[in-house]
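Just below is one structure, and these are the notes that go with it.
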Amino acid sequence: MTERDPQPSAASEPIPLIDLAAQHEALASELRQAFERVLASGSFILGPEVSAFEQEIAGYIGVPHALGVSSGTDALLLALMALGIGPGDEVIVPAFSFFATAGCVARLGARPVFADIESDSFNLDLEQAAKRVSPRSKAIIPVHLYGQLCDPAALRALGLPIVEDAAQALGAGRAEQQAGTLGEFGCFSFFPTKNLGALGDAGLLTTRDAELAKRARLLRAHGAEPKYHHALIGGNFRLDALQAAFLRAKLPSLPAWNAARRANAARYDQLFAAAALPDELLRTPAELQPGHIYHQYVIRTPPRAALQAHLREQRIGSEVYYPVPLHLQACFAYLGEGPGSHPRAERAALEALALPIYPELSAAQLERVASIVVDFLRKRT
Ligand SMILES: *Cc1c(COP(=O)(O)O)cnc(C)c1O
């Protein structure tokens, strides 16, 4: 053995919240081939690459109709447009989610009606949602937040058309209860940091209903049929061929990535359980429905700001999803749902903290994150 410079200690290396470079390095030749194929084809918007992707992902999800669209946000907007939602209508949404869940409702002139989340999972509390149903309710948007399905039976029992915000849940659930198959529409995002990420913006709309699929397909391209003849007012919600090709290169890896995320979550759960910290300091994510895919591993910790600052000092990535509940966003002040309206959502906004959970995270890295969190919180007992 020759003498080498000492390796920088692994203990001091930064651990990001997500490492896309590692993912793309492993698939570099597939991604380059995808690019070359599209470049040579001369077909850049929709076309055979998008159709092939739609078929492959429909097969993966187990749904008859899948439409590639421009983003997860546009999938939600298109779903609501296809259901004919507009002024005078109400749509029930959780008070705690990414902005697009409620923004899309308001953009169509309809009213987002917020309902609080569960105390253990971060998903819509369907008893709270039931209380907000009115004769004007035209749909409900359950969000499978962080990769965990909302309870499908309880959801259907509300009797409203269901538009799933499954942006964080591709591959979540099992068999007949797969995200994207529960109701009228399923909406997915391929934002680069999602479990399946494009190299840009991209999304997907799924449905089991052939008529709704047809309507959404028309609305995806200005409602034109035939070309330049418009019976419906749609938009430009089309998916690029290039993004479809990149997504086709990545899709076969998704089951293994999701399994790695689940394994990482199980390891965190084990390490945090062994630390036996009081609930007032640390609550690990509750798994209430089968097939959580851990888009994020989100702990609840009241001393969040201090813990996050400490993690930042140690160069460990973490993120707050989301710091402001939807009903308290300035743009929704006109709805009059002030502080105290949805206490669990408000509490989650103060306590939720996402830790690194990405598939390429090594066992040693994960253990280091867990021990830094535990050591920090233990000092506060
Ligand atoms: C990412 C996300 C969206 C929006 O998806 P984009 O592709 O970024 O438009 C919507 N809802 C939730 C819950 C998301 O996480």
Side-chain angles (χ1 to χ4, degrees), residues 17-18 20 53 57 66-81 91-108 112 114-115 117-118 121-124 139-150 155 162-173 179-180 182-183 185-206 220 235-240 242-244 246-247 250 258 261 285 292-298 319-327 329 332 345 348-349 352 354 357-358:
L17 185 66
I18 182 169
L20 287 179
F53 171 63
I57 197 151
L67 279 77
V69 296
S70 31
S71 69
T73 301
D74 284 345
L76 287 164
L77 190 64
L78 183 53
L80 297 175
M81 286 171 74
V91 177
I92 297 173
V93 300
F96 188 67
S97 178
F98 178 63
F99 177 73
T101 311
C104 290
V105 175
R107 283 172 69 184
L108 292 173
F114 299 109
I117 56 170
E118 296 178 324
S121 90
F122 292 88
N123 281 338
L124 193 56
I140 182 167
I141 309 184
V143 183
H144 308 311
L145 205 63
Y146 310 140
Q148 172 160 239
L149 224 60
C150 295
L155 199 51
I162 298 169
V163 175
E164 297 172 73
D165 182 338
Q168 304 187 359
L170 182 59
L182 304 184
F185 283 112
C187 304
F188 295 90
S189 166
F190 307 118
F191 185 80
T193 57
K194 298 283 156 77
N195 286 29
L196 177 66
L199 306 185
D201 275 314
L204 189 82
L205 188 63
T206 57
R220 176 172 68 173
N236 173 0
F237 304 124
R238 297 176 301 234
L239 177 63
D240 287 355
L242 199 50
Q243 296 306 337
F246 291 143
L247 289 163
K250 286 188 172 192
N258 282 350
R261 286 172 180 273
H292 195 328
I293 51 146
Y294 291 94
H295 170 59
Q296 301 293 350
Y297 184 88
V298 177
E319 190 61 77
V320 174
Y321 303 111
Y322 299 92
V324 182
L326 293 175
H327 64 289
Q329 294 290 349
F332 293 136
I357 187 77
Y358 58 92

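When a ligand or atom number is given, it counts from 1 through the structure's own listing order.
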Report the C-alpha separation of Phe122 and Tyr321 in whole Å, then their side-chain angles, then the decisive distance to 0.1 Å, and conclude whether the ring pair (Phe, Tyr, Trp, His ring centres under 6.0 Å) test is met. CA-CA 11 Å; Phe122 292 88; Tyr321 303 111; over 10 Å; no
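- Residues Thr73 and Arg107 are in side-chain contact: their nearest non-hydrogen atoms beyond the backbone lie under 4.5 Å apart.
- Under the 4.5 Å side-chain criterion, counting only non-hydrogen atoms from C-beta, Thr101 is in contact with Ile141.
- Closest to atom 11 (N) of ligand 1 among all protein heavy atoms lies Asp165 OD2, 2.8 Å.
- The aromatic rings of Phe98 and Tyr322 sit tilted relative to each other, their planes meeting at an angle between 30° and 60°.
- Protein heavy atom at the shortest distance from atom 2 (C) of ligand 1 is Lys194 NZ, 2.7 Å.
- When only non-hydrogen protein atoms are considered, atom 15 (O) of ligand 1 lies nearest to Gln168 NE2, 2.8 Å.
- For atom 6 (P) of ligand 1, the nearest non-hydrogen atom from the set Ser189, Pro94, Ala169 comes from Ser189.
- Protein heavy atom closest to atom 9 (O) of ligand 1, with residue, atom name and distance, is Thr73 OG1, 2.5 Å.
- At least one heavy atom of Val143 sits closer than 4.0 Å to an atom of ligand 1.
- Pro285 is not listed as a side-chain neighbour of Tyr146, based on a closest heavy-atom distance of 4.5 Å or more.
- For ligand 1, the atoms closer than 4.0 angstrom to any heavy atom of Gly72 are 5 (O), 6 (P), 7 (O), 9 (O).
- Ligand-side atoms of ligand 1 in range of Ser71: 7 (O), 9 (O), range being under 4.0 angstrom from any heavy atom.
- Counting protein heavy atoms only, atom 3 (C) of ligand 1 is closest to Phe98 CD2, 3.5 Å.
- When side chains are defined from C-beta on, Phe191 counts as touching Asp201, because their heavy atoms get closer than 4.5 Å.
- Ligand 1 places these atoms under 4.0 Å from at least one heavy atom of Ala167: 2 (C), 3 (C), 10 (C), 11 (N), 12 (C), 14 (C), 15 (O).
- Ring centers of Phe114 and Phe332: under 6.0 Å apart, within the cut-off.
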